Q: 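Can you read through this structure? Questions will come right after.
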Amino acid sequence: MSVLIVIQMRIGVLTGGGDCPGLNAVIRAIGRKGIVQYKDEFIGLKNGWAGLMNLNYINLERKNLSGILHLGGTILGSSRTNPEKEEGGYERAIENFKKLKLDALIVIGGNDTLGVAQKLHEMDIPVVGVPKTIDNDICATDMTFGFDTAVSIATEAIDRLHTTAESHHRCMVVEVMGRHAGWIATYSGIAGGADFILIPEEPCTVDDIIEVVKGRIERGKLFSIIVVAEGATLLETGVLAQSKEMDDFGNVRLGGIGDGLARVIEKRTGIESRAVVLGHVQRGGTPTAYDRVLGTKYGIAAIDMVHKGEFGMMTALQGTKVRPAPILDGIKESKAVDKETYEVAKAFFE
Ligand code: F6P
């Protein structure tokens, strides 16, 4: 059983990877409970791992934590900097952890950022993780904050596209984010009444989609809504990348599948088709109430975990409770959309 350590600590906090609505709710909760109840001191490391490696930081005080709950983005800045790709990156990170006299690190990030946190934990740096991504593809937790906001934004876009698609008798192909997993596509597609949803986990052929659009035309439905995750796989073409250039973690920039699909649909069905790429709009702006609450619960759990010495663990939503789970379990693979939910969506592909 872990024991709560009620002594003052000096804790570094960073946000890494793609930003996501709710990050500021997490930072605020960590800081507020830490400062008020544990009398902790906080160092806000700027721009993800870059801040720790380059000693770029701010003293995170109560005044920095005020008025940020409803704000999108992150007051600490973010980046995809990977210590592994920097000359002596890990050594510098550890040296600076000591130089800043930190007792622990709270790392708020997705699979890549938490992967670095796990390595530092294995090098004896006391780390607690908080899973973050609009993609909802982290294992061991039922949900990541940011996902609910992204789904709400995508659903609103689909609703708006519905009316214009119907008026112009068009097929609208909506491309949403989702590199390895189609959570946003599946949820927003179900919520928005999509006629077909294409995700990385369920490769299909162009024929499968054409059949649905043609079936609708035969029933007098002269418009269709197709939702496609950027990382989805068409059996004919595979995954489409916008550029082969990779970030520090080896991710290529995806995108373009929606456009290609719209052109094929138009050619093969005669229905005028358009592609809409929602892109970073899904990540920006104010978090939903759900994400603010989940972010706040994660922040409170993270600071408690630090004081209980639960290092190498991350906050995880299991049912309605937030519990500690090993970071390693969270990042072992990309969490795929469950078959059951996709089957719900498929009931409407006709
Ligand atoms: O990791 C989250 C994510 O939103 C992915 O869905 C997407 O592929 C990627 O970030 C794009 O991020 P950026 O353009 O900021 O590198």
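Since we're looking at a predicted model, the values are computed, not measured. Heavy atoms only: backbone and side chains are in, while hydrogens, waters and symmetry mates are out. Whatever order the structure lists them in is the order used to number ligands and atoms, beginning at 1.
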Q: Need the ligand 1 atom indices (1-based, order shown) with element for anything under 4.0 Å from a heavy-atom of Arg80.
A: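 Heavy-atom distances to Arg80 below 4.0 Å select 9 (C), 10 (O), 11 (C), 12 (O), 13 (P), 15 (O), 16 (O).
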
Q: Please work out which of Arg283, Arg179, Gln282, His180 has its closest non-hydrogen atom nearest to atom 10 (O) of ligand 1.
A: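 Looking at heavy atoms only, the winner is Arg283.
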
Q: Side chains of Asn251 and Asp112: donor-acceptor distance under 3.5 Å anywhere?
A: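 Side-chain D/A pair, Asn251 to Asp112: present.
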
Q: Taking 4.0 angstrom as the limit and counting only heavy atoms of Ile134, give me the atoms of ligand 1 inside it, by number and element.
A: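 That gives atoms 4 (O) of ligand 1.
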
Q: How far is atom 14 (O) of ligand 1 from its nearest protein heavy atom, and which residue and atom name does that atom have?
A: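 It is His280 NE2, 2.8 Å.
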
Q: Among side-chain atoms of Thr141 and Tyr298, is any donor-acceptor pair under 3.5 angstrom?
A: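 A pair is found: one side chain offers a donor N or O, the other an acceptor, under 3.5 Å apart.
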
Q: At what distance is the nearest protein heavy atom to atom 1 (O) of ligand 1, and which residue and atom is it?
A: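 Looking only at protein heavy atoms, the one closest to atom 1 (O) of ligand 1 is Asp135 OD2, 3.5 Å.
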
Q: Strictly under 6.0 Å, is that where the ring centroids of Tyr187 and Phe147 end up?
A: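 Close enough - the centres of the two rings lie under 6.0 Å apart.
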
Q: Check each atom of ligand 1 against the heavy atoms of Gly178 and keep those under 4.0 Å away; list them by number with element.
A: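 With Gly178 as reference, the close atoms of ligand 1 come out as 6 (O).
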
Q: Does the ring centre of Phe223 sit less than 6.0 Å away from the ring centre of His168?
A: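 No, they do not, as the ring centres are separated by 6.0 Å or more.
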
Q: With a 4.0 Å cut-off on N to O distance, would you call Arg216 and Asp195 a salt bridge?
A: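 Counted as a salt bridge, because a side-chain N and a carboxylate O are separated by less than 4.0 Å.
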
Q: What protein heavy atom lies closest to atom 8 (O) of ligand 1? Include the residue and the distance to one decimal.
A: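 I find the closest protein heavy atom is Glu230 OE2, 2.5 Å.
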
Q: What is the closest protein heavy atom to atom 4 (O) of ligand 1, and at what distance does it sit?
A: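 Residue, atom and distance for the closest contact: Met177 SD, 3.0 Å.
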
Q: Check this for me: Gln8, atom CD, are more than 12 non-hydrogen atoms of other residues, nucleotides or ligands nearer than 6.0 Å?
A: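 Correct, the count exceeds 12.
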
